[in-house]
Chemist: 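Just dropping this structure here.
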Amino acid sequence: MTEAAESASEPAAPARPNGLVRWAPLAFLLVLVGCIHGALRATEYAPVLWGDESHYLGYAMLDAASGTTGLLPGTLPFDHRPELASRVFARVADPNDPTRTFRRIEGLQIVLLLALVTLTWFQARALALGRAAAFGAGAFVGLFPWFAFHAHALWPELLHAVLLGVALLALTWAFAQRRLAWLPVAGLAFGLALLAKGTFLPLTPVLVLLVAYAARTRRSAA
């Protein structure tokens, strides 16, 4: 049998999906989550403030009025005033219109939620999960009641979660792909997350132990 005949008898390798098809599940998920939260937002005709949201709204408008919109606050609060969040919110705030400010921040929160869904997708893929599992994880985060509530509130939890998501994904890439250049990215994102909200601060030693364990495992495998 000739080489041509042998190659003809072998089953053809399945074609790899192009980039558009490969990202279609993520794109569909983002559109789905965005449409659902956009519909929820449209049903609320008047802003409803829960708990201490009025403080966060006031901080954002105060920072916008004073021009204090830099993204690097000067102090590290522990769950007191989320300075980084108020600075981010101030960039879209209208100091003369609280209702417009509320709507703009709410729209920003939906964008942050979509970013969190995207990070969850990439985190699942970085952990060697299939596209179906990544889709399920992203859908769970995007439609989970806790995150769904915060997408329509003025609290800093979503900004905090997005920055932590960046930090964890960068750590995963750093040790899974052995590209330690991702470690500074992880450190910066984690530090900014603490400036957005101090909730994760008590768990910082756990993260340090995780990094040390990953580094030791990498040295053992080398």
Chemist: Of the non-hydrogen atoms in Q123 and T172, which two are nearest, and what is the gap between them?
Modeler: NE2-OG1, 2.9 Å
Chemist: Quick check on the hydrophobic clustering: are L158 and F144 connected, directly or via other members, by side-chain heavy-atom contacts under 4.5 Å?
Modeler: yes
Chemist: Is a side-chain donor or acceptor of T101 paired with a backbone partner of D94 at a separation under 3.5 angstrom?
Modeler: yes
Chemist: Taking all non-hydrogen atoms of both residues into account, name the closest pair between A60 and I105 and its distance.
Modeler: CB-CD1, 4.2 Å
Chemist: With a 4.5 Å heavy-atom cut-off, do V33 and V141 have their side chains touching?
Modeler: no
Chemist: Is there a donor-acceptor pair under 3.5 Å between the side chain of H160 and the backbone N or O of A193?
Modeler: yes
Chemist: Just verifying a value: how many Å separate L26 CG and L30 CG, rounded to the nearest 0.5 Å?
Modeler: 4.5 Å
Chemist: Can you name the closest pair of heavy atoms from P95 and A93 and give their distance?
Modeler: CD-O, 3.7 Å
Chemist: Treat each ILVMFWY residue as a node, draw an edge where side-chain heavy atoms are under 4.5 Å apart, and state whether F28 and V117 are in one component.
Modeler: yes
Chemist: Test your reading of the model: is there a side-chain donor-acceptor pair from R100 to the backbone of R104, 3.5 Å cut-off?
Modeler: no
Chemist: Of the non-hydrogen atoms in L159 and A85, which two are nearest, and what is the gap between them?
Modeler: CD2-CA, 3.7 Å
Chemist: Has the side chain of Q109 got a donor or acceptor atom that lies under 3.5 Å from a matching backbone atom of A153?
Modeler: yes
Chemist: When you look at I110 and H152, which way does the side chain to side chain contact (heavy atoms under 4.5 Å, CB included) test go after all the steps?
Modeler: CA-CA 7 Å; I110 294 177; H152 302 275; 4.0 Å; yes
Chemist: Can you name the nearest heavy-atom pair linking A134 to R125, along with the distance?
Modeler: CB-CD, 3.9 Å
Chemist: Extract all donor-acceptor atom pairs below 3.5 Å that involve side chains of residues 180-190 and protein atoms in other chains or at least two apart in sequence.
Modeler:
none

Chemist: Starting at CG of L143, measure out to CG of L29 and round the result to the nearest 0.5 Å.
Modeler: 7.5 Å
Chemist: As an exercise, state the distance from CE of M61 to CG of N96, rounded to the nearest 0.5 Å.
Modeler: 7.0 Å
Chemist: Tell me, with the steps shown, if W121 and R131 meet side chain to side chain contact (heavy atoms under 4.5 Å, CB included).
Modeler: CA-CA 8 Å; W121 168 279; R131 275 194 290 271; 4.1 Å; yes
Chemist: With clusters defined by side-chain heavy atoms of hydrophobic residues (ILVMFWY) lying less than 4.5 Å apart, directly or transitively, does W173 cluster with L129?
Modeler: no
Chemist: Would you call S86 and Y56 a side-chain contact if the rule is heavy atoms closer than 4.5 Å?
Modeler: no
Chemist: Should the pair F149 and W155 be assigned to parallel (<30°), tilted (30 to 60°) or perpendicular (>60°) ring geometry?
Modeler: tilted
Chemist: Minimum heavy-atom separation for L116 and A161, please, with both atom names.
Modeler: CD1-O, 3.7 Å
Chemist: First locate atom CG of L119, then atom CG of L164, and finally report the distance between them rounded to the nearest 0.5 Å.
Modeler: 10.5 Å
Chemist: Would V31 end up clustered with F135 when hydrophobic side chains under 4.5 Å apart are linked, directly or stepwise?
Modeler: no
Chemist: Say whether F102 and V111 are linked into one hydrophobic cluster, either directly or through other cluster members, by side-chain heavy-atom distances under 4.5 angstrom.
Modeler: no
Chemist: Nearest 0.5 Å please: distance from the CG atom of L57 over to the CG atom of L62.
Modeler: 11.0 Å
